[in-house]
Number of protein chains: 2
Amino acid sequence: MLSSASKYAINAVLYLAVESSEDKKIGAKEVAEAIGVPTPFLAKLLQNLAKKNVISSLKGPKGGFFLSEENKSLKLISVVEHIDGLSKFEECVLGLKNCSNDKPCPIHFSVQPFKNTMFDELSNNTIEAFAVKVRNGETFLHY
Amino acid sequence: MLSSASKYAINAVLYLAVESSEDKKIGAKEVAEAIGVPTPFLAKLLQNLAKKNVISSLKGPKGGFFLSEENKSLKLISVVEHIDGLSKFEECVLGLKNCSNDKPCPIHFSVQPFKNTMFDELSNNTIEAFAVKVRNGETFLHY
DNA sequence: ATATTTTAAGACCTTTTTATCTTTTATTAA
DNA sequence: TTAATAAAAGATAAAAAGGTCTTAAAATAT
């Protein structure tokens, strides 16, 4: 559904949203171990997201990754957007060029609702909104 | 969403369901050109599906691929099942090991019902059922 | 029987994704 | 100002996905 890269990144960003702050930056290694994904690979992803201002980082001692208030107010879809791009949500599930409600592909109506719902959920809700539910114990991260 | 392999295969199988019969077998090349996908790659996929009895084939002159009545009565999900497997539909969208209604991941309740719907649509409807809609002009294949 | 047609099988190549390692640069605390 | 720390950058590598090509085998028509 999503690439491993996007899954790891969503997990990591929500972990940072819950656990980090300007005063409590967290290293890539700690995040990776907490959510159970390969450290160097996640580090690359976090660097990428930082460069694109989806998350924040600071070098040096007491440095690490964290989410600013601005970062937290971004929609969760921006994580996927900067890693996989949005083509997955834009294109026909069968890869047909001219698939639409007018000229639907054979599985258009079976699959389109799923695709749209998922996209809307990620597009309409902020990182912070997802983090709140984790803090409340309504939803859960990692394992 | 789906691998290119699965997309090509679904397209090809539905093309065969609409265009082929025991009396009118169709070569891999013709199918590939009709649906606009790479010929040798599609040939591999068709051979695979034939070996697993999802579609039928016959060598020699007047040979080619076709769907028997038995093939047409299979559910469309069997195409995906024999090419990608079903893990995509079984696993948590965020890749979490213990994601369930009890311990939902942050996007579980927004995405899970639709993922299930998509799976059910492909699992409950036969290849022939999808082909009928193409024949009726309700849905469209290739471009 | 033989030539022809077309799938079957498998070797091979390319690109993308996933993953790792090493070196450099920035920051901070002492 | 120096040592320690941690991200940034980049080189490298393994694995998977996507794609191609060649040869063998089977079926058919003549």
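In the text below, chain A, chain B and the rest are named by the order of the sequence lines, each starting its count at 1.
- Remark: the B:Lys44 side chain and the D:dG18 base include no donor-acceptor N/O pair separated by less than 3.5 Å.
- Remark: B:Ser4 is in phosphate contact with D:dG18, judged by side-chain N or O atoms under 4.0 Å from OP1 or OP2.
- Of the side-chain N and O atoms in B:Thr39, none sit less than 4.0 angstrom from OP1 or OP2 of D:dT20.
- At least one donor-acceptor pair closer than 3.5 Å links the side chain of B:Lys24 to the backbone N or O of B:Glu19.
- Regarding contacts with the backbone of D:dA17, every side-chain N or O of B:Ser3 stays at 4.0 angstrom or more from both OP1 and OP2.
- Among D:dA9, D:dG18, C:dT7, the nucleotide with an atom closest to any side-chain atom of B:Gln47 is C:dT7.
- The side chain of A:Ala50 lies closest to D:dA8 when the candidates are D:dA9, C:dA29, D:dA8.
- The CG atom of B:Leu49 sits 16 Å away from the C1' atom of C:dA9 (whole-angstrom rounding).
- Regarding contacts with the backbone of D:dG18, every side-chain N or O of B:Tyr8 stays at 4.0 angstrom or more from both OP1 and OP2.
- One atom, NZ of B:Lys51, and another, P of D:dA25, lie 16 Å apart when rounded to the nearest Å.
- For A:Leu58, taking side-chain heavy atoms from C-beta onward, the closest of the listed nucleotides D:dA7, C:dT20, C:dT28 is C:dT28.
- Nucleic acid contact for B:Leu42: none, since no nucleic acid atom lies under 4.0 Å from a heavy atom of the residue.
- Taking the six-membered ring for Trp, B:Phe114 and A:Phe114 have ring centres at least 6.0 Å apart.
- The CZ-C1' distance, from B:Phe41 to D:dA17, rounds to 7 Å in whole Å.
- Following chains of ILVMFWY side-chain contacts shorter than 4.5 Å, one can reach B:Leu86 starting from B:Leu2, so the two form part of one hydrophobic cluster.
- Side chain of A:Lys59, nearest nucleotide from C:dT7, D:dG18, D:dA6: D:dA6.
- D:dA17 atom C1' lies 15 Å from atom CG of B:Leu2, rounded to whole Å.
- Positionally, the nearest nucleotide of DNA chain C for B:Lys62 lies more toward the 5' end than for the other of B:Lys62 and A:Lys62.
- Atom CG in B:Leu46 sits roughly 14 Å away from atom P in D:dG19 (whole-Å rounding).
- Considering only the side chain of A:Pro38, C:dA19 comes nearest among C:dT7, C:dA19, C:dA11.
- Residue whose closest nucleotide on DNA chain C sits further toward the 5' end, between A:Gly63 and A:Ser6: A:Ser6.
- A:Asn71 and A:Ser68 are linked by a side-chain donor-acceptor pair at a separation below 3.5 angstrom, with hydrogens and angles left out of the test.
- Aromatic ring pairs are classed by plane angle as parallel below 30°, tilted from 30° to 60° and perpendicular above 60°; the pair B:Phe89 and B:Phe119 is tilted.
- Counting to the nearest Å, the P atom of D:dA17 and the CD1 atom of B:Ile83 are 13 Å from each other.
- When the nucleotides D:dA26, D:dA4, D:dG19 are ranked by their closest atom to the side chain of A:Pro61, D:dA4 comes out on top.
- Using a 4.0 Å heavy-atom distance criterion, A:Ala43 is classed as making no nucleic acid contact.
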